[in-house]
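The structure under discussion appears below in the form of structure tokens.
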Amino acid sequence: MAIVIPHRPKYRGRHRYIYYLLGDTLCLRTRPTSVADPRTPAQIAQRLKMRLASHFLSGFKPFVEQGFAPEVKENFRRVGAYHCALSHLMRNALVPVDGGMVIDTSRVCLAEGRDNPMLSPKARLEGDSLRITWQGGLSRGCREVLVGLWNRDKGESKCYNFYIQEIDGSILIRLPKDWKGNTLDIWLAPLGSGEKGRYTSVHLQFEPNASGKQNGKQPRAIPGLSGRIQDLMRAKKSRSNECKSLNPRRIRVVDVYSGVRRL
């Protein structure tokens with residue numbers, strides 16, 4: 001008797017027969033010939049979350065691909081670092097507001113791992129450059145520091161990698177000329193070697209022209225950080241969702257692996 005262990009196929013074709021996991025049971029069913037799109041409030045809210053999160057995180061792809069570790073789910077599906085970061089953002093950083101949602105940047109995590117030794121980070125302007133300082137030293141295994149910047153006024157992001165040889169107790173970043181006076185969100189995360197070389201990112205907000213803090217208040221709806229439900233309320237496009245007809249002379253089987261899983 002063989003033990004059937006499902007694994008992720010190289011691709012998912014839109015054929016009539018599909019398989020899925022229901023608990024520990026491998027199930028097989030036919031794909032529906034047409035798919036209804038009721039556009040319930042829950043569906044629209046979920047689509048808005050995905051649209052807003054993916055738009056924001058796309059600019060930090062070089063950061064999160066190093067800051068998050070890929071995962072293998074219980075159904076043996078492999079999830080890349082970017083999608084792990086996207087899932088974390090959707091679960092923790094999206095806050096509902098009237099008519100839509102907004103990203104609370106203080107909850108955004110661009111790297112996940114050990115406790116970050118870069119405590120109480122601060123930023124100040126030095127001419128056309130941004131000086132970032134912190135308390136505490138970097139670990140011996142640290143080889144570089146990942147830095148992510150988000151310009152709230154322009155809705156633009158930038159990522160930097162600073163090797164340990166370039167860091168002398170602080171980091172100096174030359175800002176674009178048109179970024180002067182803008183509000184910035186900054187994320188810092190050391191990076192070492194191996195699986196234990198990742199550290200959770202720390203966040204600080206830099207407002208050069210602000211006189212007070214906004215801690216404890218609801219996040220503002222800022223372009224690039226917020227989305228409205230009405231943006232998704234568009235007319236449906238008439239398109240056919242019917243599956244491709246199968247070749248009756250071709251036999252299709254469920255893509256499974258029989259044997260011991262090898263890591």
Please report the closest heavy-atom contact between [X] and [Y], naming both atoms and the distance.
X      : Y      : answer
Leu89  : Ala53  : CD2-CB, 3.4 Å
Ile186 : Ala123 : CD1-CB, 3.9 Å
Phe162 : Val147 : CD1-CG2, 3.9 Å
Asn182 : Asp178 : OD1-O, 3.2 Å
Cys159 : Phe63  : SG-CB, 4.0 Å
His88  : Asn92  : O-ND2, 2.8 Å

Quick one: do the Glu156 and Trp179 side chains pair a donor with an acceptor below 3.5 Å?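 Checked: Glu156/Trp179 side chains pair up, N/O donor to acceptor below 3.5 Å.
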Residues in ring pair (Phe, Tyr, Trp, His ring centres under 6.0 Å) contact with Phe60, at least two apart in sequence or another chain: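 Phe60 satisfies ring pair (Phe, Tyr, Trp, His ring centres under 6.0 Å) with Phe56, Trp187 once adjacent residues are dropped.
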How many angstroms lie between atom [atom1] of [X] and atom [atom2] of [Y], to the nearest 0.5 angstrom?
X      : Y      : atom1 : atom2 : value
Ser58  : Leu86  : OG    : CG    : 10.0 Å
Met50  : His55  : CE    : NE2   : 15.0 Å
Leu125 : Leu175 : CG    : CG    : 6.5 Å
Ser54  : Lys61  : OG    : NZ    : 11.5 Å
Gln135 : Lys122 : CD    : NZ    : 6.5 Å
Asn161 : Glu144 : CG    : CD    : 4.5 Å

Would you call Lys177 and Asp128 a salt bridge, using N to O less than 4.0 angstrom?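 Answer for the salt bridge query: no.
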When the side chains of residues 107-116 are checked against the rest of the protein, which donor-acceptor pairs come out under 3.5 Å, sequence neighbours left out?
residue: Arg107; atom: NE; partner: Asp104; partner atom: OD2; Å: 3.2
residue: Arg114; atom: NH1; partner: Lys196; partner atom: O; Å: 3.2
residue: Arg114; atom: NH1; partner: Tyr199; partner atom: OH; Å: 3.3
residue: Asn116; atom: OD1; partner: Met118; partner atom: N; Å: 2.9
residue: Asn116; atom: ND2; partner: Leu188; partner atom: O; Å: 3.2
residue: Asn116; atom: ND2; partner: Thr200; partner atom: O; Å: 2.8

Among residues at least two apart in sequence or on other chains, which ones pass salt bridge (Lys or Arg N to Asp or Glu O under 4.0 Å) with Glu65?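 Expected list: none.
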Heavy-atom neighbours of His203 NE2 exceed 12 at 6.0 Å: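 Yes, enclosed.
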Give a yes or no on whether Tyr160 atom OH has more than 12 heavy-atom contacts from other residues, nucleotides or ligands under 6.0 Å away.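 Count over threshold, so yes.
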Within the structure provided, determine whether Pro190 and Pro117 are in side-chain contact (heavy-atom separation under 4.5 Å).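 Touching, per the 4.5 Å side-chain cut-off.
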Common cluster, Leu130/Ile167, ILVMFWY with side-chain heavy-atom separation under 4.5 Å: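 Linked within one cluster.
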Test of understanding: clusters of I, L, V, M, F, W, Y form through side-chain heavy atoms closer than 4.5 Å, transitively. Do Val202 and Phe68 belong to the same one?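 No, separate clusters.
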According to the salt bridge (charged side-chain N to carboxylate O under 4.0 Å, His left out) rule, which pairs have a member within residues 157-175, sequence neighbours left out?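 Listed once each, the pairs would be none.
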Between the side chain of [X] and the main-chain N/O of [Y], is any donor-acceptor distance below 3.5 Å?
X      : Y      : answer
Arg143 : Gly192 : yes
Asp153 : Thr183 : yes
Gln46  : Gln43  : no

Does the side-chain contact (heavy atoms from CB on, under 4.5 Å) test come out yes or no for Trp150 and Leu184, once each step is laid out? CA-CA 6 Å; Trp150 171 262; Leu184 304 178; over 6 Å; no
Could you go step by step and tell me if Gln205 and Arg152 meet the side-chain contact (heavy atoms from CB on, under 4.5 Å) rule? CA-CA 10 Å; Gln205 183 176 324; Arg152 286 193 166 209; 3.9 Å; yes
What residues, two or more places apart in sequence or in another chain, satisfy side chain to side chain contact (heavy atoms under 4.5 Å, CB included) together with Ile164?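 Ile164 satisfies side chain to side chain contact (heavy atoms under 4.5 Å, CB included) with Leu138, Cys142 once adjacent residues are dropped.
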Please enumerate all residues that pass side chain to side chain contact (heavy atoms under 4.5 Å, CB included) together with Glu126, with sequence neighbours excluded.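 For Glu126 the side chain to side chain contact (heavy atoms under 4.5 Å, CB included) partners, ignoring immediate neighbours, are Arg124, Arg131, Leu172.
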Verdict with reasoning, Leu146 to Gln66, per side-chain contact (heavy atoms from CB on, under 4.5 Å): CA-CA 9 Å; Leu146 306 177; Gln66 294 179 279; 3.6 Å; yes
